[in-house]
Amino acid sequence: MTPRAIAMHTLMQVARRGSFPDVLLDIYFKENPELDNRDRALITELVYGVLRWQGRLDWIIDRQISIRPEKVALPVRLVLRLAVYQLLFLDRVPAAAAVHEAVELAKASQPQHVVRFVNGVLRSISRKAEVLKEASPEGSSEHRLAMLYSYPVWLVQRWLTQWGTEETEAFCHASNQIAPTTVRVNTLKTSVAGLAACFKDLGFSVEPSKLVPEALQLRSIRTDLSSLEQYERGEFQVQDEGSQLVAHLLQPQPGETGLDACAGLGAKSPHLAQLMENQGKVIALDNQGWKLNRLMENGRRLGVSSIEPVEMDLLELEPSGDEFSFDRILLDAPCTGLGVLRRNPDLKWKIKPKDFRRLHLVQKGMLNKLAPLLQPGGVLVYATCTASKEENEETVQDFLRENKEYQRESARPYLPPGCAAAVNRDGSLQTWPHRHGVDGFYAARLRRIS
């Protein structure tokens with residue numbers, strides 16, 4: 001398949017099955033090793049660019065067609081989105097090439113009259129490209145911001161109610177930016193200065209993090225980081241600074257027993273082990289074995305030997321005796337993911353209004369399952385990668401109301417220097433892409449006092 005055909009197929013899978021684009025692209029790239037770095041970069045750009053700007057692309061397309069928008073079949077709309085993204089957002093792709101490729105994609109599955117429709121719409125948009133690039137929607141604030149920055153109207157309306165216009169627009173703009181690549185230096189194997197020097201020798205632009213002592217921001221990357229010998233030696237892990245701060249907030253100590261209660265693919269479990277100097281034990285709990293397998297593979301690469309995987313559904317956990325008793329617990333809970341839209345733009349089209357309440361109840365259930373597992377004096381950190389009251393403040397407040405043996409502690413004393421601006425009035429951690437330049441993470445530190 002051509003790069004644009006692979007991008008089209010990926011977008012179809014995301015739209016029809018709710019598949020994750022990063023997983024799909026990883027599969028396609030492994031199945032097509034003949035693709036060079038330039039083709040891979042183009043495919044990735046097209047997939048994430050279309051998902052990021054889907055709302056604005058549809059707004060432009062729907063103003064240029066003479067039929068009702070709902071009459072445009074999904075495959076045709078995806079062909080149009082792909083081409084319009086190239087016409088309006090990618091200067092390096094010639095307009096004629098973008099239109100031609102779209103017509104060829106349409107010919108592969110559509111009747112001739114639809115191919116003519118695609119060709120006509122795209123030629124019209126191509127002629128007006130400079131005007132359409134600057135086109136600004138009119139109407140209500142929620143409609144204007146939703147079309148301008150490409151978000152569902154209902155979601156923008158929700159943010160306007162909670163945050164106001166200025167904050168909402170800043171968040172929408174920042175969440176559309178391509179996030180920098182940030183790595184966590186594995187101090188079990190190398191030093192921050194040593195790895196930074198290696199990256200500079202490779203021609204990367206390297207900046208130390210302002211928030212996390214073991215983090216480096218990399219720019220001007222034209223290389224797959226997983227192909228580097230430093231990666232193979234386990235000297236670093238790709239991980240955003242906001243995510244790294246969560247482990248710092250837990251402050252695990254060497255020799256302790258910790259629980260990563262929703263371990264997933266596991267960037268945080270190895271980080272906890274790293275902060276514990278690989279001394280003690282980190283139980284990585286998840287209900288999907290394949291994720292735990294990937295976690296353990298990564299742990300071995302990083303030289304971490306203190307992680308023990310447990311495949312189990314947290315909500316079905318019925319502990320007995322001392323088999324589950326921990327000094328520290330991290331619950332990185334399932335959430336709507338609104339804080340990581342820079343990396344996962346597909347999420348804004350997948351979530352629904354009812355998801356906030358549904359996930360709030362799941363999060364409460366998980367916290368209540370974990371409450372008796374923490375030893376007196378121990379610390380539990382509740383974290384999400386989202387920005388919604390129901391999933392953050394309200395979940396913690398409900399938990400504290402129902403579990404009187406727990407109390408909240410301010411995050412400020414437990415975070416690295418430079419993080420003061422990321423601590424809320426109630427003491428919880430909240431990072432924002434538009435305020436701190438990192439992914440949006442929320443975390444509350446809770447201590448069991450009796």
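- A side-chain donor-acceptor contact under 3.5 Å links Gln430 to the backbone of Phe441.
- For the pair Met1 and Ala5, the tightest heavy-atom approach, listed with the atom from each and the gap, is CB-CB, 4.0 Å.
- Thr161 places a side-chain N or O within donor-acceptor distance of the main-chain N or O of Gln157, the cut-off being under 3.5 Å.
- Here the rule is salt bridge (Lys or Arg N to Asp or Glu O under 4.0 Å) with Asp426, and of Arg408, Lys389, Arg412 only Arg408 fits it.
- Minimum heavy-atom separation, Cys262 to Leu331: SG-CD1, 3.6 Å.
- Taking all atoms of both residues into account, the shortest heavy-atom contact from Asp36 to Asp39 is OD1-N, 2.8 Å.
- Remark: Leu148 CG to His143 NE2 distance equals 11.0 Å, nearest 0.5 Å.
- A donor atom on one side chain and an acceptor atom on the other are found under 3.5 Å apart for Arg184 and Gln239.
- Taking the ring centroids of Tyr406 and Phe399, they lie under the 6.0 Å cut-off.
- With contacts defined as side-chain heavy-atom distances shorter than 4.5 Å, the pair Gln86/Val99 does not qualify.
- Partner of Pro21 under the side chain to side chain contact (heavy atoms under 4.5 Å, CB included) criterion, out of Asn344, Val50, Val14, Leu11: Val14 alone.
- Using the six-membered ring where Trp is involved, Phe171 and Trp163 have ring planes that are perpendicular, over 60° apart on the 30 and 60° scheme.
- Using modelled atom types, one finds a donor on one side chain and an acceptor on the other under 3.5 Å when comparing Asn392 with Thr384.
- In this structure, a donor-acceptor pair under 3.5 Å is absent between the side chains of His436 and Thr431.
- Atom OG1 of residue Thr10 and atom CG of residue Leu51 lie 9.5 Å apart, to the nearest 0.5 angstrom.
- Here the side chain of Asp240 pairs a donor or acceptor atom with the backbone of Gly242 at under 3.5 angstrom.
- Within the 4.5 Å cutoff, the side chain of Val396 has no heavy atoms near those of the Ser428 side chain.
- Lys268 and Asp332 are joined by a salt bridge, as a carboxylate oxygen and a charged side-chain nitrogen come within less than 4.0 angstrom of each other.
- Side chain of Asp286 to backbone of Gly264: a donor-acceptor contact under 3.5 angstrom is found.
- Heavy atoms of other residues, nucleotides or ligands lying less than 6.0 angstrom from CD of Glu70 number more than 12.
- At a threshold of 4.5 Å between non-hydrogen side-chain atoms, the residues Asn287 and Leu314 do not count as touching.
- Asp355 pairs with exactly one of Arg357, Arg358, Lys352 by the salt bridge (Lys or Arg N to Asp or Glu O under 4.0 Å) rule, that one being Arg358.
- Using modelled atom types, one side-chain atom of Ser227 and one backbone atom of Asp224 make a donor-acceptor pair closer than 3.5 Å.
- Listed for the Thr395 side chain is a donor-acceptor partner under 3.5 Å among the backbone atoms of Glu390.
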side-chain contact (heavy atoms from CB on, under 4.5 Å) between Val76 and Val79, intermediate numbers included: CA-CA 5 Å; Val76 178; Val79 168; 5.6 Å; no
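- Within the cation-pi definition used here (under 6.0 Å to the ring centroid, within 45° of the axis), Arg301 qualifies as a partner of Tyr231.
- Leu347 and Gly337 make their closest contact through CD1-O, 3.6 Å (heavy atoms, listed as atom of the first residue, atom of the second, distance).
- Between Glu134 and Arg56 there is no salt bridge, since none of the side-chain N atoms of the basic residue sits less than 4.0 Å from a carboxylate O of the acidic one.
- Residues Leu295 and Ala284 come closest through the heavy atom pair CD1-CB, 4.0 Å.
- For the residue pair Gln217 / Ser209, no side-chain donor-acceptor distance below 3.5 Å is found, with atom types taken as modelled.
- Between the side chains of Tyr382 and Gln363, at least one donor-acceptor pair of N or O atoms lies under 3.5 Å.
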Worked verdict on Leu367 versus Asp398 for side-chain contact (heavy atoms from CB on, under 4.5 Å): CA-CA 10 Å; Leu367 279 172; Asp398 284 1; over 6 Å; no
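- We find that Lys364 and Glu402 are joined by a salt bridge, their nearest charged nitrogen and carboxylate oxygen being less than 4.0 Å apart.
- Side chains of Met12 and Leu78 form a contact here, defined as non-hydrogen atoms less than 4.5 Å apart.
- The pair Asp22-Arg343 fails the salt-bridge criterion, with no side-chain N (NZ, NE, NH1 or NH2) lying under 4.0 Å from an Asp/Glu carboxylate O.
- Ser388 and Glu391 share a donor-acceptor pair across their side chains, judged by distance under 3.5 Å alone.
- With hydrogens and angles left out, the side-chain atoms of Glu167 and His434 include a donor and acceptor closer than 3.5 Å.
- For Arg81 (side chain) and Asp58 (main-chain N/O), no donor-acceptor pair under 3.5 Å exists by modelled atom type.
- At least one test fails for Arg294 against the ring of Trp290: distance under 6.0 Å to the centre or angle within 45° of the axis.
- Proximity of a side-chain donor or acceptor of Thr168 to a complementary backbone N or O of Trp159 within less than 3.5 Å is detected.
- Asp62 places no side-chain N or O within 3.5 Å of a backbone atom of Pro69 that could act as its donor or acceptor partner.
- Checking Glu214 against His271 by side-chain atom types alone, a donor-acceptor pair falls below 3.5 Å.
- Cation-pi geometry between Arg445 and Tyr414 is met: the NZ or CZ atom falls under 6.0 Å from the ring centre, inside 45° of the normal.
- Asn176 and Lys348 form a side-chain donor-acceptor contact under 3.5 Å, judged by distance and modelled atom types alone.
- By the 4.5 Å heavy-atom criterion applied to side chains, Arg4 and Val93 are counted as neighbours.
- Side-chain atoms of Thr182 and Leu216, non-hydrogen and from C-beta on, never get closer than 4.5 Å to each other.
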Chi angles and distances behind the side chain to side chain donor-acceptor pair (under 3.5 Å) call for Gln54, Arg52: CA-CA 6 Å; Gln54 175 178 310; Arg52 186 172 289 115; over 6 Å; no
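- One finds a salt bridge joining Lys30 and Asp26 here, because a Lys/Arg side-chain nitrogen approaches an Asp/Glu carboxylate oxygen to under 4.0 Å.
- Side-chain contact between Leu90 and Glu45: present, with at least one pair of heavy atoms (C-beta onward) separated by less than 4.5 Å.
- A side-chain N or O of Asn298 and one of Gln237 form a donor-acceptor pair less than 3.5 Å apart.
- Distance NZ/Lys128 to CG/Leu88: 12.0 Å, rounded to 0.5 Å.
- In this view, Phe89 and Trp53, Tyr85 satisfy the ring-ring contact (aromatic ring centres under 6.0 Å, His included) rule, not counting sequence neighbours.
- Atom CD of Glu142 sits about 9.5 Å away from atom OG1 of Thr165, to the nearest 0.5 Å.
- Ser175 has its side chain within reach of Tyr151: a pair of non-hydrogen atoms, C-beta onward, lies under 4.5 Å apart.
- Using a cutoff of 4.0 Å between basic side-chain nitrogens and carboxylate oxygens, Glu409 and Arg447 are scored as salt-bridged.
- A salt bridge links Lys133 with Glu130: the closest approach of a Lys/Arg side-chain nitrogen to an acidic carboxylate oxygen falls below 4.0 angstrom.
- Atoms CG and CD, from Leu302 and Gln274 in turn, are 8.0 Å apart once rounded to the nearest 0.5 Å.
- Contact between Gly365 and Leu315 at its shortest, heavy atoms only, is C-CD2, 3.6 Å.
- Gln177 contributes no side-chain N or O that, together with a main-chain N or O of Ala174, makes up a donor-acceptor pair within less than 3.5 Å.
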